[in-house]
Amino acid sequence: MALWMEKGSEPFTETEKADLDAIAALKESAAIELKEKGNEYVKMGKKHYSDAIDCYTRAINQNALSDSENSILFSNRAHVNLLLGNHRRALTDSQEALNLCPSNIKAIYRAVKASLSLDLLDEAQDYCQKGLQLDPNNEELKKFDQKIGLKIAENKKREAEVSKAVVEAKELVSAIENRGLKIGKEMYRELTGLRKPVLDKTNILHWPVLLLYAEVMSSDFIEDFCETDMFSLHLDMISFSVKRFRSSYLSNIFAEDQPLPWDVERKYKREFVELYYEVGSGLLSKEKLHQCLLEGTAASHVQESGDDEKNPVEDFKHNTGFPKWIKVNERKTLHDVLKEPNFIIPWIPVFYVVSKKSSFYGKFKAGKWAPPSI
């Protein structure tokens, strides 16, 4: 009987041919029935989606239908996979459907949706344009084409921003290295936020600088302290008055009125204040520095190969003979102070303001005061 014929052999008798025709008819009928049953399962809702996929799969495996009919089966299975969120499987099924029938507009539509869900924008755009060539008035494909075009433009813009941020961070790292500056772990993040140095077009560094009044741990902020500026310039421009609490940086000239609320003895006048920095230890690695400079930018997710964070902080040995606090010479530029051998910049420069007329001054100078733990 033809049912038991070996694969690849040809029937010789009319009976064998009739048997094979009967088997093919049965398989075709089974495939059509399975397709219709799968369609019914889809209509029954999410609980039956897996049953629908099983029916479409079994119908395909019958190998009894034409290419165009099998294309519909693959497209239907792609539809259910989309409903289940199986976007990769949906794309594969859509591609199989289009291999069998390139004009299957539903398969194209589902390939677009699956590609878009997988963020395969180029592929989604290609499918969309093929579909519009076949059906120029398809409103759904037109909407997808517009949406995809916008996403591609957004991605290109984001990539440009990432590239720009990476380049700027590398330039900053080079500028810091070329100046022989040492960067350590950040301090007082709650006061400084994501501020970081800026390298201008003339290769001059501009630093945000935090001033802390050690006696009361009040703070002031200089947003743009050019590395070529002397400290005296900025101190002369800061008003030690109550108005300072409402602004990070003031350009109003030193005022004699309205003393700070806590400065009842009027000790924090311009002529009485001194600046100090704390001798530091612990350098950020070059990779960690680069990563920190990217924080808050479009490239904040970027991590260079080799940056495994095993040693984000390198040891730095300074002369143990140095005192804990180093007085700043106001006639020096910021650059001169930052490059001093025992100054490790705690991400951005931090200087402590004390008054030599205050009773706190002796305690500070004697090393009996330390910043609160961070």
Side-chain angles (χ1 to χ4, degrees), residues 182-192 195 207-222 225 230-250 254-283 313 315-334 336-374:
K182 299 170 287 296
I183 308 294
K185 293 186 293 184
E186 65 181 356
M187 298 174 64
Y188 309 112
R189 177 66 172 271
E190 70 281 3
L191 297 176
T192 63
R195 292 176 175 90
W207 290 89
V209 171
L210 179 65
L211 301 180
L212 288 176
Y213 294 80
E215 187 169 358
V216 293
M217 286 304 288
S218 177
S219 65
D220 203 350
F221 208 90
I222 301 175
F225 197 137
M230 291 192 298
F231 281 84
S232 57
L233 171 66
H234 287 274
L235 289 175
D236 290 342
M237 293 172 68
I238 292 178
S239 170
F240 295 92
S241 70
V242 68
K243 288 178 284 186
R244 179 182 52 79
F245 284 87
R246 297 187 177 92
S247 175
S248 296
Y249 177 73
L250 300 176
F254 167 70
E256 291 291 342
D257 58 346
Q258 299 183 4
L260 297 168
W262 48 266
D263 185 22
V264 294
E265 299 179 356
R266 298 296 302 274
K267 302 296 185 182
Y268 279 80
K269 293 184 179 181
R270 172 67 185 92
E271 63 267 28
F272 299 152
V273 297
E274 294 178 345
L275 285 186
Y276 290 81
Y277 66 83
E278 184 179 9
V279 173
S281 63
L283 293 175
V313 180
D315 289 334
F316 172 71
K317 304 299 184 181
H318 58 77
N319 189 334
T320 56
F322 282 118
K324 183 177 182 181
W325 302 106
I326 304 295
K327 183 180 177 181
V328 174
N329 182 341
E330 294 180 12
R331 294 297 171 183
K332 284 189 174 183
T333 65
L334 177 61
D336 291 334
V337 173
L338 295 184
K339 68 182 296 186
E340 290 182 359
N342 56 354
F343 196 167
I344 296 182
I345 305 167
W347 183 240
I348 67 167
V350 177
F351 296 98
Y352 295 83
V353 183
V354 294
S355 170
K356 55 189 176 184
K357 292 293 184 178
S358 170
S359 58
F360 173 78
Y361 184 71
K363 177 181 178 181
F364 180 85
K365 290 281 286 183
K368 295 180 179 179
W369 179 87
S373 300
I374 301 172

| request: Could you grab the distance from atom CG of L211 to atom CG of L235, nearest 0.5 Å is fine? | output: 7.0 Å
| task | List the atom of P349, the atom of P208, and the distance in Å for their closest heavy-atom pair. | result | CD-O, 3.4 Å
| said: Nearest 0.5 angstrom please: L275 CG to I326 CD1, how far? | reply: 13.5 Å
| said: Test your reading of the model: is there a side-chain donor-acceptor pair from S355 to the backbone of K267, 3.5 Å cut-off? | reply: yes
| task | Indicate whether any N or O donor in one side chain lies under 3.5 Å from an N or O acceptor in the other, for S358 and E215. | result | yes
| message | Which residues pass the side-chain contact (heavy atoms from CB on, under 4.5 Å) test with K339, not counting sequence neighbours? | response | L181, H335
| field | From CA spacing to verdict: ring pair (Phe, Tyr, Trp, His ring centres under 6.0 Å), W325, Y352 | value | CA-CA 9 Å; W325 302 106; Y352 295 83; 4.9 Å; yes
| note | Separation between CG (L233) and OG1 (T333), nearest 0.5 Å, reads 11.5 Å
| said: Taking the cut-offs as 6.0 angstrom to the six-membered ring centre and 45 degrees off its axis, would you call K356 and F272 a cation-pi pair? | reply: no
| query | Can you name the closest pair of heavy atoms from V337 and F343 and give their distance? | reply | O-CD1, 3.3 Å
| request: Starting from the C-alpha separation in whole Å, work towards a yes-or-no answer on side-chain contact (heavy atoms from CB on, under 4.5 Å) for F231 and N329. | output: CA-CA 8 Å; F231 281 84; N329 182 341; over 6 Å; no
| query | When you look at I344 and K182, which way does the side-chain contact (heavy atoms from CB on, under 4.5 Å) test go after all the steps? | reply | CA-CA 5 Å; I344 296 182; K182 299 170 287 296; 4.3 Å; yes
| said: What verdict does the salt bridge (Lys or Arg N to Asp or Glu O under 4.0 Å) test give for R266 and E271, after you've listed the backbone C-alpha separation in whole Å, the side-chain angles of each residue and the deciding distance to 0.1 Å? | reply: CA-CA 11 Å; R266 298 296 302 274; E271 63 267 28; over 6 Å; no
| said: Ignoring hydrogens, what is the shortest heavy-atom contact between S219 and L212? Give both atom names and the distance. | reply: CB-CD2, 3.6 Å
| said: The test is side-chain contact (heavy atoms from CB on, under 4.5 Å); show your working for D336 and L338 and say whether it passes. | reply: CA-CA 6 Å; D336 291 334; L338 295 184; over 6 Å; no
| Minimum-distance pair of heavy atoms, taken over all atoms of N342 and Y277 | OD1-OH, 2.8 Å
| said: Please determine whether a side-chain nitrogen of the Lys or Arg among K332 and E340 lies less than 4.0 Å from a carboxylate oxygen of the Asp or Glu. | reply: yes
| query | Nearest heavy-atom pair of D220 and L210: which atoms, and what distance? | reply | O-CD1, 3.5 Å
| message | Just verifying a value: how many Å separate I345 CD1 and L283 CG, rounded to the nearest 0.5 Å? | response | 10.0 Å
| note | Sorted by chain and number, sequence neighbours left out, ring pair (Phe, Tyr, Trp, His ring centres under 6.0 Å) with Y276 holds for F364
| note | Taking every heavy atom of D236 against every heavy atom of R270, the minimum-distance pair comes out as OD1-NE, 2.9 Å
| Does the W347 side chain pair with the main chain of R195, one donor and one acceptor, at a distance under 3.5 Å? | yes
| Would a 4.5 Å heavy-atom cut-off, applied to side chains only, mark R331 and S232 as touching? | yes
| request: Apply ring pair (Phe, Tyr, Trp, His ring centres under 6.0 Å) to the pair F351 and Y213, showing each step before the final yes or no. | output: CA-CA 9 Å; F351 296 98; Y213 294 80; over 10 Å; no
| field | Residue pairs involving residues 272-283 (criterion salt bridge (charged side-chain N to carboxylate O under 4.0 Å, His left out); sequence neighbours excluded) | value | E274-K327
